[in-house]
Amino acid sequence: ALVWWLIIPPAIFVSALMAHYPSVIPFESLGPVGRLMQYFHQNLHALVVIAFWATIVAHLYEASLARKICRKLRIDAGATNLWMIQTFI
């Protein structure tokens, strides 16, 4: 559904920034959400990094399962690749 394409990729992008480049995030300009993000950055940064990489690994695993299902069902490569990308995102 379109709603997931509007939520998940930006959330993963923000998670990547929080984990590896928090200095580019304007925490002060984001109101209460920014204060919460700044709290996580300052006090729970290791958890933010672990959560980001766990999310990436989980999505890669889901995409590999989609590929396995496509192979089992003998679905063509084009559709398989599209399903893997969609599943990853």
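In what follows, every heavy atom counts, from backbone to side chain, and hydrogens, waters and symmetry copies are set aside. Bear in mind the structure is a predicted one, so any value in this text is a computation, not a measurement.
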In terms of hydrophobic clusters joined by side-chain contacts under 4.5 Å, are Trp4 and Tyr61 together?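 No, it is not one cluster - the side chains of Trp4 and Tyr61 are not joined through contacts under 4.5 Å.
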
Cluster link Ile8 to Ile56, ILVMFWY, side chain under 4.5 Å: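 Ile8 clusters together with Ile56.
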
In the hydrophobic clustering (ILVMFWY, side-chain contacts below 4.5 Å, transitive), which residues join Leu30, or is it alone?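 Its cluster mates, by chain and number, are Phe13, Val14, Leu17, Met18, Tyr21, Val24, Ile25, Phe27, Val33, Leu36, Met37, Tyr39, Phe40, Leu44, Leu47, Val48.
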
Show which residues join Ile50 in its hydrophobic cluster (side-chain heavy-atom contacts under 4.5 Å, direct or indirect), or state none. none

Partners meeting side-chain contact (heavy atoms from CB on, under 4.5 Å) with [X] (sequence neighbours left out):
{"X": "Arg67", "value": "Arg71, Thr80, Met84"}
{"X": "Gln86", "value": "Trp5"}
{"X": "Ile69", "value": "Leu73, Trp83"}
{"X": "Val57", "value": "none"}

For the student: nearest non-hydrogen atoms of [X] and [Y], plus distance:
{"X": "Pro10", "Y": "Leu6", "result": "CG-O, 3.3 Å"}
{"X": "Ile89", "Y": "Pro9", "result": "CG2-CG, 3.3 Å"}
{"X": "His59", "Y": "Thr87", "result": "ND1-O, 4.0 Å"}
{"X": "His41", "Y": "Pro22", "result": "CE1-CG, 3.2 Å"}

From Ile7 CD1 over to Leu2 CG, what is the distance, rounded to the nearest 0.5 angstrom?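 It comes to 9.5 Å.
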
CG on Asn81 to CG on Asp76, rounded to 0.5 Å: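 That separation rounds to 9.0 Å.
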
By ring-ring contact (aromatic ring centres under 6.0 Å, His included), which residues pair with His20, not counting sequence neighbours? Phe52, Trp53

